[in-house]
Each structure stands twice: as C-alpha cells, then as structure tokens.
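This report concerns only the one structure given below.
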Amino acid sequence: MLKDEFSELEEQRLSKLVKLREQRLEPYPTRSHKSHCNADAIAAFEKAEADESTETVEVVLAGRLRAIRNMGKLSFAHIEDVSGKVQLLFRVNELGEEKLDEFVRFYDLGDFIEASGSMFRTRRGEVTLQVADFRMLAKALLQLPADKDEVVDGEVVRHAQLSDPETRYRQRYVDLAVNPEVRENFKIRAKIIKALREFLDERGFLEVETPILQPIYGGAAAKPFTTYHNQLHQQLYLRISFELYLKRLLVGGLDRVYEIGRDFRNEGISFKHNTEFTQLEFYMAYADYMKIMEMTEQMVAQVAQKVLGTMKIQYDGHEIDLTPPWNRLQIRQGLIDQAGIDIQQYPDADSLAAVMKDKKIDFKPGISRGKLINTLLETYLEPIMIQPTFLYDYPRDISPLAKAKLEDPTTVERFEGYIGGMELCNAFTELNDPLDQEQRFLDMGHTYSEDEEERNPMDEDYLRAMAYGMPPNGGLGLGIDRFVMLLTGQHTLREIILFPPLRDADQDNKKD
RNA sequence: GGGCGCGUAGCUCAAUGGUAGAGCAGCGGCCUUUUAAGCCGUUUGUUGAGAGUUCGAUCCUCUCCGCGCUCACCA
C-alpha cells in the first residue's frame, strides 16, 4: 500500500489533501478548462502588446507548480506544461485573504494547478498571469527532486538537479518531470522517426508490419528470446530482424516496403547495444547495394536537416558532416592501408589467422575467415570512421543473405555505414537465387557449431517464397536508437530509450 | 560472466573507528512585483541489506542487492 510507506514529508502533503477535501475543494477534479498552453499565452500577450491593443488577454492556464515564492500579501509561482513555463502572480487585492491563504497553505511544488486571469508584464519584465481564480487539478503526494534554475548571463544554471542514473532510469517519469533536456531528446527522437517515414513515403515505399513472434528466427546473427504459445503448443521466438518477412513481401509484388519496429536480442547490454532496439528496414526491388548506399546518405542527411536544421552535427568532440556523398571504403583496401594485410592473399581462415598471429592481433581461435576479417575491421577500421563512411564488400560467410560479387565469390555486395566510430546501418544486394540461398543455409550449418548464434536456422518457407521468384533488390537495416544518439549528441542508448532495462530492484529478490 | 569503482536526508553533496552535517525542498513566523526572492527559527536519516572484527562501525573485513565504467559477446 502506498500509504504505509509515506514519509513525514509525504504525510504533510496527505494532510493538505485531506484539508482541501474538508473545505470541499476536490484535489483531483475530473475536468480542466485550460484555454492556452503556456507558450501560446505568452505569445498571445506579446502580440497584443505589439499591436498596442487595449484588450486584456484572458486565459485559463494549467500546469505543474515548479516554483513558489510567497511574499506575504502576494505570491509568485511558475507553472510548467509541455510548452514551457509561465509565471503566475497571486495578489491579495484580486483574490482576498482567504483565497490567497488557500494557495499558501495547501499548494506544493509538483501539484497541478489551473489558474485563470489576464496576462500582464511585471516590473521586471516577465510576462505573467495575474490570477483571478485558481484550483487544484492534481495534488502531488510525493515530492519531486528539488531543482532550481538560476539565470546567469542569460544561461540557465540548474542547481541540485536529479542526476543519479539509477533513479533517472527507474523512475523516468521523475527524470522527465524535472529535466527538460531529457524531454527534448525524446521529442527529437519522435521527429527523427517521422522524418524517416516521410523520406520513404515520398519514394513510394509501403509501411508494413510483420510478426514479432516468429516460429523461426533469422535475418541476423544474434541469440533470440524464446517464448511459448499455450494454445498453439508452439515455441516462438521474438524476432531478431524483420528481413525474411519483408523480403517475402517482394515476392508478393510489394516492390518497396519498410518497417519500423522493435527487434529483440538476448545479448549483452552496452552504451550501443540494448536488448530491444528500434530498427528501420527497407527493401527496394530493382535496386542494388550501391543504389541503397546513395539512398541511405540522402535519407540520413535529409532527416538531420529536417530535425536539426543542419547536416553538421557535434558528436563526442567532433564536427561530423552528414552531407552526401559520404566516404566509401572497400574493406580490402582499408585493411591493406590500415593493417597492412591484403585479405585477398589469404583465401582461407588458416592462412589469414597465421598472418594475424604474426602481427600479434588478438582473435578468438577457430573462427571463420569472415569473422577474422570482421575482427580486423573492428580493430583497424571502425574506430577511425568518425566522418560518415560506407565500408563495403564483406566476406561471404558472415553474410548469408547477401549476393556474391560477380568477380569474387568469397565476397558479397554488402556495406555498413559508420558514423562517429559506430555502426549505424547494414545493407546488401539481397540474394534472390533460391538454390544459392539454400546452399548458404547449409554452409552455415557446416561452418558454425549448433550453439553459435551465426548459425541461422534453415527457413524452408523463406526458400519456397524465393523459389516463386523474388525480384532483384537491395535492402537496408538502420539502428534508429543509434541514429537518435548521434542527432541528440548522447553517448549512451539509455539516454534516448525511455525505459532502459534494469535489474529488478526488489530487495526480496536476492538470490538467483 | 570477468575486472575496477560507487551506494550517507526528497535532491545535490560533506564528515569521522566514538551512533552524522550543509544548501535546496519541508515546517513555523515576517514580508505587496519576486524569479536559486530575502530575513528569523526549526525538523529531517534503519548511512543499500545482512554478518563479522571491535568496548564502540557509516568508516575496517566478508557475503548479498543495485548502479556506473570497462572487457568479453554483439548491430
């Protein structure tokens, strides 16, 4: 029960609530008559002022009390709504002693209040609501973390703001309530997703939704979450990608499709990995990976321009320019330049492993040639790709759904886009040859042991779909969370995911 | 999962082997144009949980819980 856990401070608030009720003042009225958001009320007053209008600006405002300054016969307060803050002035002349006393005695920071009156400008020049009447909209029983804003040389300096990461993530509602820049990040996130949709919609893409619960997972190298459907008596997996379902739609004649949604991977969490993450995947018939590359840089640049008004972003001390065209770096050439290894000269895992050993490069023993190359590029190439860079032409054995290059069957037409040293997206010319695809699935089974997540299970229905004829196409997967990180300048996914996963804090839940 | 670090009032932080303090928030008072309002007075707490060492632990040791960084894994 909430009541059993109340501290002294909370008891005080509860007693104010009880006293309000005793005076027949409902602390949680059903309806509000708010007429303007705070920003609009200020704008309306400033317009009237500019027009030299003699009419008063009458408004009903509502929001959360964020500051109270009681001064005897008058009180100032700031309320906040999603549009911002506005100052309220309570004067005994307008309200009478009893009504002013009601505010002073029963209202606390954090309460939601509705106040009506007319807008004016104080002696210090702040546009303010002269309160003619007010009432409680929602009494807060718990105290929000106390922070105060001070304006120093036009800069807002916040004092004692909530900063404990655990509290911020566990009780994100508190974090959002007191830290406006956190709200701002999530507004930007929404704008980014909207702008991505606009980009694709403008180009004739159809937004679709495919199953999250899947009988066979696939489309990526990752460990899935498993669940069970009671009535179907069937084990199901939470999807690790949308890929195989979306490409089935190309077989069905939907030439351009995309999906924005959640993927789930049962793996470690880091600043750039989360158990569930939001992915954009699109597939475009009659396109190849070079075409997708061009679209990707245009898409990212256009979204940045729409959302931030610029294609130049600040990230981790770097100015990053998203303006197309981006750098293009073939893996083979990149590794010749940076690692001094020409992977073409080492056609199998053993010979490549030998040269890597000579160069004292750390790698897990026994891994495939493709994974060795992947280790090389993570070591030598990834960290230096701060400016937007497409790394292209990947090893075939780690790319079972991509089409091989005509002139080099060990390499596939695949690229990944890197910004700020972080992988942002992954794309390829999609394999549409059902016999080749079947062989790829079989190869995976040979190359990787059963417990390795690279070993995607054979998806017979996907092969059947492809056997009906799949148009040549290119596809892209883009991690929206990472994209949001870049555009908001954040350095961990937790800052741009509303409720990041945390261990159960319940003390009773002690042992494993 | 490994390594390192952290956990003190609602928030931000301080302190000492002798059972804890500051600012803000709160409570009482003064105050009719303030805005980190001010002035006077005042209260906060199982020092994350448990055990041990000790005359005595918030401090030292151990276990557990949680968080952060990092490595591994991965996109």
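Here the structure is a predicted model, which means the values were calculated and not measured. Chain naming here is simple, since letters A, B, ... match the order of the sequence lines and numbering starts at 1 in each.
Looking at Arg172(A) and Asp175(A), a side-chain N of the basic residue comes within less than 4.0 Å of a carboxylate O on the acidic one, giving a salt bridge. A salt bridge links Asp481(A) to Arg189(A): one of the charged nitrogens lies within less than 4.0 Å of a carboxylate oxygen. At a threshold of 4.0 Å, the pair Lys99(A)-Glu102(A) counts as salt-bridged, since one of the basic side-chain nitrogens sits closer than that to a carboxylate oxygen. Between Glu126(A) and Lys85(A) there is no salt bridge, since no side-chain nitrogen of the basic residue lies less than 4.0 Å from a carboxylate oxygen of the acidic one.
Here, U58(B) and U16(B) have their P atoms 15 Å apart, quoted to the whole Å. Nucleotides U34(B) and C39(B) are separated by 15 Å at their P atoms, to the nearest Å. Taking atom P in both A49(B) and A9(B), one finds a spacing of 10 Å when rounded to whole Å. Spacing of C1' atoms, C6(B) relative to G41(B), comes out at 37 Å, to the nearest Å. When the C1' atom is compared between C64(B) and G29(B), the two are found 49 Å apart, to the nearest whole Å. Taking the C1' atoms as reference points, A36(B) lies 16 Å from A22(B), given to the whole Å. Rounded to a whole angstrom, the distance from the C1' atom of G28(B) to that of U44(B) is 15 Å. The gap from the C1' atom of C59(B) to that of U54(B) amounts to 13 Å, rounded to the nearest Å.
To the nearest angstrom, C1' of C73(B) lies 7 Å from NZ of Lys364(A). For the pair Leu144(A) CG and A9(B) C1', the computed distance is 17 Å after rounding to whole Å. One can place CD of Glu267(A) at 17 Å from P of C71(B), the figure rounded to the nearest angstrom. Following rounding to the nearest Å, Ile269(A) (CD1) and G2(B) (P) show an atom-to-atom distance of 16 Å. Between Phe106(A) atom CZ and C27(B) atom P there is a gap of 12 Å when expressed in whole angstrom units. Per the geometry, CZ belonging to Phe363(A) stands 13 Å off P belonging to C73(B), to the nearest Å. Taking atom CG of residue Leu142(A) and atom P of nucleotide G26(B), one finds them 15 Å apart after rounding to whole Å. Arg168(A) has its CZ atom 14 Å from the P atom of C11(B), to the nearest Å.
The aromatic rings of Phe225(A) and Phe264(A) sit perpendicular, their planes meeting at an angle over 60°, well past the 30° parallel limit.
Residue Arg13(A) comes nearest to Leu142(A) through the heavy atom pair NH1-O, 3.5 Å, listed as atom of the first residue, atom of the second, then distance. Phe363(A) and Ala353(A) make their closest contact through CZ-O, 3.6 Å (heavy atoms, listed as atom of the first residue, atom of the second, distance). Here the closest heavy-atom approach between residue Gly334(A) and residue Leu381(A) is recorded as O-CD2, 3.6 Å.
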Evaluate the criterion side chain to side chain donor-acceptor pair (under 3.5 Å) for residue pair Glu495(A) and Thr488(A); output intermediate values, then yes/no.
CA-CA 9 Å; Glu495(A) 289 297 338; Thr488(A) 56; over 6 Å; no
Base, backbone or nothing for each nucleotide of nucleotides 32-45 of chain B, written B, S, -, heavy atoms under 4.0 angstrom, 5' to 3'?
BBBBBB--------
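Annotation: proximity of residues 107-119 of chain A to RNA chain B (heavy atom, distance under 4.0 Å) is found for Asp108(A), Leu109(A), numbered in ascending order. Proximity of residues 375-393 of chain A to RNA chain B (heavy atom under 4.0 angstrom from any strand atom) is not detected for any residue.
Checking C67(B), C73(B), C69(B) against every side-chain atom of Glu166(A), the shortest atom distance belongs to C67(B). When distances run from any side-chain atom of Arg170(A) to the nucleotides G26(B), G66(B), G68(B), the shortest one goes to G66(B).
For the 3.5 Å distance criterion, the side chains of Gln330(A) and Asp393(A) qualify, holding a donor opposite an acceptor.
Annotation: salt bridge (Lys or Arg N to Asp or Glu O under 4.0 Å) contacts of Lys403(A) (sequence neighbours excluded): none. Remark: Ser118(A) pairs with Thr56(A), Glu58(A), Gln130(A) by the side-chain contact (heavy atoms from CB on, under 4.5 Å) rule, at least two apart or across chains. In this structure Phe134(A) satisfies the ring-ring contact (aromatic ring centres under 6.0 Å, His included) test together with Phe90(A), Phe103(A), Tyr107(A), sequence neighbours excluded.
For Arg494(A) and G68(B), the shortest distance from a side-chain N or O to OP1 or OP2 is below 4.0 Å.
Base contact: Asn274(A) has a heavy atom under 4.0 Å from a base atom. Within 4.0 Å (heavy atoms only), Arg265(A) reaches at least one base atom of the nucleic acid. Residue Leu502(A) is in sugar-phosphate contact alone, with no base atom involved, counting any heavy-atom pair closer than 4.0 Å across all strands shown. Contact annotation for Phe277(A): base contact, defined as any heavy-atom pair under 4.0 Å involving a base atom.
Residue whose closest nucleotide on RNA chain B sits further toward the 5' end, between Glu276(A) and Ser270(A): Ser270(A). Nearer the 5' end of RNA chain B, as judged by each residue's closest nucleotide, is the contact made by Asp164(A), out of Asp164(A) and Lys16(A).
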